[in-house]
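This report refers to the structure that appears directly beneath it.
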Amino acid sequence: MAAEQAPNVASQLGKKAPGRVGNQLFAGISYSAGIVIMIVLAAVAGFLLWSSWDALTADRQALAEVGFMRGKSFWAYVAPLVFGTLLAAALALLIAVPLSTGVALFISHYAPRRLAQALGYLVDLLAAIPSVIYGLWGFLWLRPLMEPVYQWLTDNLGFIPLFAGYSAPGKNILTGGLVLAVMILPIITATMREVFLQTPRLQEEASLALGATRFEMIRQTVLPFGRSGMISASMLGLGRALGETMAVLMILSPGAFINLNILQAGQHQTIAANIAAQFREAFGLSRSVLFASGLVLFVLTFAVNMLARWIITRRAEFSGANA
């Protein structure tokens, strides 16, 4: 009997395992998709570099003919734009991350199931609103609402340079940061919510069984488990804040200064909003200058993402995979 079964077993082993072709096909598609992404990224970088080469290699005398540069060198022109971009994104993160963390924790661990589902749908819908709508909302509703607050900050905390020198209207970088915070809040909240829901149930129950309150349980298990996910969510929001155009363009009164006067209008501008404002009338070397500033934004965003990956790698012991 065993001798009869041996040839059958050998013939079965000689055949391909079930699903092997499908696995190879899926692996090939995944590998190809990764290669395509790298090719597209390289193509975008190459296009920006090629389009901005004239501006990067031009001397100051040639750049002086570009009207909106006002006789500055390229790096003197782009430095305030980089500062304004980083300042607006930093303000947005400073406001959005704590709010997103609280909303995500409420949805995942405090709210009843039906309420949590409804709030989850509402948060997801916020991410689908076009940026121009946020710009209109910020300019027509949020700005007038915040102007008395800005005036109070200047009257009572004006001795701090951060809050000094406000004068209406409130078309300043803080208003832009507030609108950006609302725009990135759904992305950060949705990502954090999914990360918090992946916390092992046994760890939560063990913490509660040892006498911890719900807040202590969250501090001991949920937040450490989701720390790398929280960083990833914040970096996703930062990526959108760095590249946001229309909302900032509609709200911010542009300027070209490097300072922290967040309540003063006409002080700051972002790279993306500046490109949108100047591109229609640009031609020749002036268009190359705008492409060069776009290349700076591309490098800045790439550097931020690389920094985020490095931070997540160093925090790998807190990831869900290693919990």
Side-chain angles (χ1 to χ4, degrees), residues 26 29-30 33-34 37 41 89-131 133-134 178-209 212-244 247 301-302 304-323:
F26 179 76
I29 293 174
S30 301
I37 291 175
L41 185 64
L91 290 172
L93 279 185
L94 188 65
I95 298 168
V97 170
L99 287 176
S100 298
T101 304
V103 174
L105 286 173
F106 178 76
I107 293 175
S108 61
H109 286 81
Y110 284 95
R113 182 179 297 273
R114 291 185 178 179
L115 179 59
Q117 290 178 348
L119 288 176
Y121 292 144
L122 290 177
V123 168
D124 293 338
L125 285 175
L126 284 175
I129 298 177
S131 60
I133 303 301
Y134 281 110
L178 287 170
V179 174
L180 287 179
V182 176
M183 294 181 66
I184 66 178
L185 189 144
I187 301 173
I188 302 176
T189 301
T191 305
M192 286 187 181
R193 178 192 66 203
E194 296 304 320
V195 171
F196 293 156
L197 288 174
Q198 299 304 315
T199 306
R201 188 68 177 176
L202 290 178
Q203 291 186 15
E204 296 180 1
E205 293 177 350
S207 179
L208 293 173
T213 63
R214 180 170 293 187
F215 171 75
E216 292 173 335
M217 178 272 293
I218 290 174
R219 182 169 56 85
Q220 294 170 359
T221 61
V222 178
L223 295 181
F225 178 86
R227 188 168 301 173
S228 62
M230 294 170 65
I231 296 173
S232 299
S234 300
M235 292 304 104
L236 285 174
L238 178 60
R240 180 172 185 184
L242 288 174
E244 180 52 44
T301 306
F302 188 79
V304 167
N305 288 330
M306 291 295 294
L307 177 62
R309 295 307 307 171
W310 179 76
I311 294 174
I312 292 171
T313 300
R314 288 181 61 88
R315 296 282 184 175
E317 64 270 19
F318 298 108
S319 69
N322 296 327

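Remember, it's a predicted structure, so these values are computed and weren't measured experimentally.
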Heavy-atom closest pair, residues [X] and [Y]:
X    : Y    : result
V222 : L105 : CG1-CD2, 4.0 Å
S207 : M217 : OG-CA, 3.5 Å
E216 : T213 : OE1-N, 2.9 Å
T191 : G229 : CG2-O, 4.4 Å

Side-chain (R214) to main-chain (H109) donor-acceptor, under 3.5 angstrom: yes

Listing, residues 181-190 side-chain donor-acceptor contacts under 3.5 Å, not counting sequence neighbours, or none:
{"residue": "T189", "atom": "OG1", "partner": "S100", "partner atom": "OG", "Å": "3.3"}
{"residue": "T189", "atom": "OG1", "partner": "L185", "partner atom": "O", "Å": "2.7"}

State, with a plain yes or no, whether a side-chain heavy atom of [X] is found less than 4.5 Å away from one of [Y].
X    : Y    : value
L126 : Y121 : no
M230 : L223 : yes
F106 : T101 : no
L180 : L91  : no

Do any pairs count as a salt bridge (Lys or Arg N to Asp or Glu O under 4.0 Å) and have a residue in [range], sequence neighbours left out, and if so which ones?
range            : result
residues 91-111  : none
residues 185-202 : D124-R193, R201-E204, R201-E205
residues 102-120 : none

Chi angles and distances behind the side-chain contact (heavy atoms from CB on, under 4.5 Å) call for I107, F196: CA-CA 10 Å; I107 293 175; F196 293 156; over 6 Å; no

Sequence neighbours excluded, every pair satisfying side chain to side chain donor-acceptor pair (under 3.5 Å) that has a member inside residues 229-244: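 Qualifying pairs, neighbours excluded: S131-E244.
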
Contacts of type side-chain hydrogen bond (donor to acceptor under 3.5 Å, both in side chains), residue T221, not counting sequence neighbours: none

Within 6.0 Å of OH in Y110, more than 12 heavy atoms from elsewhere: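 Result for OH/Y110: enclosed.
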
Distance, nearest 0.5 Å, that separates CE of M192 from CG of L236: 10.0 Å

